[in-house]
Structure formats: structure tokens, C-alpha cells
Amino acid sequence: MFEALSGRLNGVFDRLRRRGALSEADVQEALREVRVALLEADVALPVVKDLTTKVRERAVGQEVLKSVSPAQQVIKIVHDALVEALGGGEADTGARGLDLNAPAPVPLLMVGLQGSGKTTTSGKIALRLKNRDKKKVLLASLDVHRPAAQLQLETLAKQVGVASLPIVAGQTPLEIAARAMDLGRRELFDVVVLDTAGRLAIDEALMAEVAEVKAFARPHETLLVVDAMTGQDAVNTARAFQDKVGVTGIVMTRIDGDARGGAALSMRAVTGAPIKLLGAGEKLDALEDFHPDRIAGRILGMGDIVSLVERAAETIDRDEAEKLAARMQKGQFSLEDYASQLKQIGKMGSLSGILGMLPGIGKMKQQIEGANLDNTMLKRQAAIIGSMTPQERRKPDLIKASRKKRIAAGSGTSVQEVNKLLKNFDDMSAMMKRMNKLGQKGLMRGGLGALMPKGMQLPGGRKPF
């Protein structure tokens with residue numbers, strides 16, 4: 001979502017770095033470019049003015065201009081200003097994630113316009129609370145207007161493995177909310193998620209209905225779900241709900257799209273409500289905590305290693321990874337192990353998304369796109385390995401020309417793709433042997449390195465892995 005803004009800002013800072021010593025005029029010129037970049041990214045004008053003013057006040061001073069690395073000082077100042085605009089800082093350190101510090105069952109009220117992803121987000125939150133926080137969750141749909149809305153939430157509840165409120169035709173949203181809270185108390189649920197109805201646009205009937213439900217249920221969290229693709233309209237929607245209903249947090253969906261990112265930068269400053277969660281895909285586990293400092297780091301091309309490590313810890317099977325590492329140390333790495341490693345990487349999301357969290361990778365965007373780094377490639381490689389016999393997977397040296405033709409035909413690929421996979425496997429095996437000699441474990445590093453395009457380098461001539 002922040003690719004265009006990140007590209008523009010990194011271009012500005014690269015020019016600053018090349019100049020060495022900076023004058024006040026250099027900083028003013030860079031700030032003008034930063035201002036244009038923010039406006040083009042659809043950031044609200046008051047937020048742009050406030051951010052550039054803060055940067056100017058901190059950057060135009062003797063300590064910065066005469067420091068050893070003035071460009072780096074300016075970049076840090078811009079980073080800190082972005083963190084503040086996104087809702088970071090000492091006052092907001094405890095405002096990340098959902099607040100469930102209340103007597104059970106804790107009611108969570110989901111509000112927003114139709115089509116923003118409210119019902120899907122309710123399912124994602126239920127899955128997150130069940131798996132990560134070990135909570136007993138009840139999903140209840142209060143949407144009596146949209147056809148099959150209650151059935152949709154019931155289906156989502158089955159998919160994520162949580163309970164849903166039985167559907168009773170003809171009830172009002174208030175009656176459904178009362179029944180959900182009563183069931184939550186009687187069956188000792190930890191959290192009750194109330195999914196309210198949406199409209200195509202904000203109207204008095206929608207606000208009155210939501211306000212009535214909120215007054216009755218007294219939710220501990222009122223989460224507004226907004227679509228990042230709608231740009232400043234999302235900010236206007238958030239402002240309207242905050243003024244008329246009151247929200248405790250915002251969930252931004254579709255951040256994996258090509259929206260310009262201005263809504264996220266404007267949301268906190270305009271509405272006063274913090275962004276708490278980000279919907280990063282259609283899958284039910286594609287929900288992330290919102291960390292202002294990490295998002296600012298991504299925008300400025302610094303990467304987000306912490307989030308990458310957290311994602312790996314959540315998705316990778318630790319026992320399987322340890323068994324695989326033990327086999328590698330013994331020199332028993334086979335194509336079956338390679339397929340298992342590809343599967344583990346695939347669970348972490350798209351390869352371009354994973355690489356985007358690494359520092360400096362943003363500058364190689366065109367190379368990454370040209371290399372076709374997506375999960376389809378992983379699936380094709382898994383299909384090739386699946387078309388081999390168990391003996392061939394354990395002893396790849398057996399695979400000669402005739403076998404390659406059979407494997408390619410069985411997997412729907414070409415002989416060239418089979419050759420490429422075997423070459424990647426040989427490279428990984430050789431690298432693992434070298435790593436074992438050094439006494440280091442290079443599981444993830446080796447897997448991603450083998451998938452990178454040949455000859456790809458980071459700025460400065462460094463290899464990415």
C-alpha cells in the first residue's frame with residue numbers, strides 16, 4: 001500500500017545522502033519534495049502541514065546541519081514524525097491491539113459501511129482470539145438488512161472453529177444483541193463479537209441503529225472497519241462514526257492492495273481514534289497488529305524484520321523445522337525436505353510480501369516483479385517434486401533426461417523448470433554443507449536465497465542473502 005510513497009521518499013533521501021554536508025536550503029528543498037509526495041499519496045492536507053512543520057523545526061538547526069551524517073539525522077526526524085502521525089509515541093504505547101481487560105463476556109462491536117469487510121474481519125478476529133489468546137468466542141450477526149448476512153457469519157464461524165448465535169428470523173438487531181449477551185453469560189464465553197449492519201453510505205437510520213445497540217450492549221471495544229482502497233473517503237467515514245457513535249479503534253482492510261496509503265497516515269490525526277488492526281489479505285489468518293514504528297520503517301525502506309520474525313514464529317512448525325535442521329546437519333537433506341521447506345515459506349504469505357519486509361529490498365522492486373516471485377512458483381515446484389517417485393526424491397542423482405520428461409509431463413511443467421528446481425536444490429545442498437562446516441544454521445536464509453533471481457544485488461553491490 002505504501003510502495004509509491006516509499007519510492008518517492010527514498011528518492012528524496014538518496015539525493016540528500018549524496019550531498020554530504022547539508023545547507024538549510026537543501027533541507028527546505030527536500031521538505032518541499034516530501035510535502036508533494038505526501039499529498040500525492042492522498043494524505044490529508046492538515047496532516048501534511050503538521051508533519052512538515054515538525055520536521056522543519058527539528059531539522060533546520062546547527063546540531064543537524066553540522067552533524068557527521070546530516071542526511072541520516074533528517075531521515076530519523078522524518079521517521080519520528082511519521083510515527084507520531086500514525087499514532088505512535090509514549091502516550092500510545094498501550095493502545096495497540098484489542099483491549100479485553102473487562103469482565104467476561106467482553107462485547108466487541110463491529111461497525112462500518114457495507115463492503116468494507118466487516119463480517120470477514122469479525123471472523124478473522126474470532127480466529128485470532130481463539131488461537132493466539134485462547135479465548136472462547138461467540139459470533140453474532142445483527143445485520144437483518146443484507147440478504148444472507150447472518151448465514152455468511154455462521155459459515156465463517158464454522159470455518160474458524162468458533163460458536164455462532166443461532167439464527168432466529170424476524171428479530172430486531174437489539175433483540176439479537178440481547179440474546180447474544182445472554183447466551184454469552186450462560187455458556188461462559190470470553191468474548192462476544194457483535195457484527196452490525198452496514199449501509200452504502202452514512203445515514204441517520206444506520207447511526208441510530210448502531211447507537212441503540214451500543215447503548216444496550218455497552219461494548220468494551222467499538223471497532224470501525226474501513227476499506228483502505230477508498231482513500232480519504234475512509235477518513236471521512238471514520239470521522240462521521242467517531243462524532244455520532246464513538247469508536248475505540250479502527251481496523252483497516254485491503255492494505256495489500258494498490259491504495260496510496262494516505263488514509264492510514266491521516267486516520268489518527270483526523271479522527272483521534274487509533275488504528276488497531278490491519279487486514280492484509282482474503283485469508284482468515286491475514287490480520288496484523290498495527291505498529292506505527294514498523295509501518296514508518298516500511299515507508300522509509302528500512303524494512304520490518306520484527307514483523308517478519310513474528311510471522312515466521314506463528315506459521316512455521318517448530319518441531320518439523322528442528323527435525324529438518326537435524327537432518328541437514330547429518331547431510332541427509334533430500335528433495336522431500338526441500339518440498340517441506342517450500343511449504344513452510346508458503347505459509348508465511350507471498351514471497352514479494354516477505355521480501356518487502358527486508359531492508360533495502362524496496363529499491364529492487366522492478367527486479368522482484370520481473371522475477372515472478374509469487375506463491376504460484378512455490379506450487380509449481382511442489383508439483384514437480386510430487387511427480388517424482390520416493391526413490392527419486394531421496395536420490396536426485398537418479399533423475400536423467402527420460403525421467404525429467406516424465407516428471408515435467410506429470411506436473412504440467414517443462415523440462416527447463418525441472419532442471420531449474422534441481423539446480424536450486426543442488427545449490428541449497430552445497431550451501432548447507434558449507435554452513436554446517438561453519439557451525440551455523442541457515443534454514444530460512446538458504447530457502448529464500450535459492451528462490452531469489454540470479455545476480456540480484458542490494459544497493460552497494462551486496463547480495464540479499
Side-chain angles (χ1 to χ4, degrees), residues 283 312 315-317 320-356 358 361 364-437 440-458 463-465:
K283 293 183 179 179
T315 55
I316 290 177
D317 186 330
E320 190 174 339
E322 287 177 352
K323 289 178 185 176
L324 187 55
R327 285 174 59 78
M328 286 185 209
Q329 287 180 328
K330 295 176 183 177
Q332 297 175 346
F333 187 63
S334 68
L335 277 166
E336 290 175 339
D337 299 322
Y338 183 56
S340 173
Q341 191 176 6
L342 292 178
K343 185 179 177 183
Q344 297 275 22
I345 295 171
K347 287 180 181 177
M348 293 176 62
S350 67
L351 287 174
S352 56
I354 295 170
L355 293 172
L358 298 174
I361 293 291
M364 303 187 300
K365 183 172 177 288
Q366 289 183 340
Q367 284 177 280
I368 291 173
E369 288 176 352
N372 255 343
L373 285 180
D374 58 22
N375 285 22
T376 305
M377 182 177 68
L378 296 183
K379 291 175 182 175
R380 291 176 74 84
Q381 293 198 347
I384 292 171
I385 296 172
S387 295
M388 298 175 185
T389 65
Q391 188 182 26
E392 288 169 343
R393 288 196 288 268
R394 286 190 291 270
K395 297 180 179 178
D397 293 339
L398 295 173
I399 303 174
K400 304 302 179 185
S402 61
R403 296 192 183 220
K404 288 177 183 178
K405 288 180 182 178
R406 191 203 78 241
I407 292 166
S411 59
T413 58
S414 64
V415 173
Q416 287 82 0
E417 288 178 281
V418 176
N419 286 332
K420 185 177 180 181
L421 181 140
L422 293 172
K423 176 69 168 58
N424 283 344
F425 173 75
D426 288 340
D427 290 344
M428 275 192 68
S429 298
M431 190 204 69
M432 292 300 171
K433 289 175 184 176
R434 289 196 299 271
M435 296 296 282
N436 286 334
K437 288 179 182 178
Q440 299 176 1
K441 294 178 183 178
L443 179 62
M444 288 302 298
R445 185 170 177 157
L448 287 175
L451 293 169
M452 290 289 283
K454 189 175 181 180
M456 182 180 283
Q457 292 183 331
L458 290 171
K463 292 185 178 181
F465 296 98

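Note that the structure is a prediction, hence the values are computed from the model and not measured.
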side-chain contact (heavy atoms from CB on, under 4.5 Å) partners for Q391, two or more places apart: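 Scan of Q391 (side-chain contact (heavy atoms from CB on, under 4.5 Å), adjacent residues dropped) gives T389, L398.
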From I399 atom CD1 to K404 atom NZ, the distance as rounded to the nearest 0.5 Å: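 One finds 8.0 Å between CD1 of I399 and NZ of K404.
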Point-to-point distance, once rounded to the nearest 0.5 Å, from CZ of R380 to CD of E417: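 R380 atom CZ to E417 atom CD measures 4.0 Å (nearest 0.5 Å).
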Those residues that, when tested against E392, pass salt bridge (Lys or Arg N to Asp or Glu O under 4.0 Å) (two or more places apart):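 R403, R406.
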Side-chain heavy-atom pair V415, K405 within 4.5 angstrom cut-off: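 Touching, per the 4.5 Å side-chain cut-off.
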Side chain proximity check, Q381 to N424, heavy atoms < 4.5 angstrom: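 SC-SC contact between Q381 and N424 confirmed.
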For a quick test of reading the model, state the closest non-hydrogen atom pair linking [X] to [Y] and the distance between them.
| X | Y | result |
| --- | --- | --- |
| R393 | S334 | O-CB, 3.6 Å |
| S411 | T413 | OG-OG1, 2.7 Å |
| S387 | I407 | CB-O, 3.7 Å |

L422/L335 under side chain to side chain contact (heavy atoms under 4.5 Å, CB included): CA gap, chis, key distance, verdict: CA-CA 9 Å; L422 293 172; L335 277 166; 4.2 Å; yes
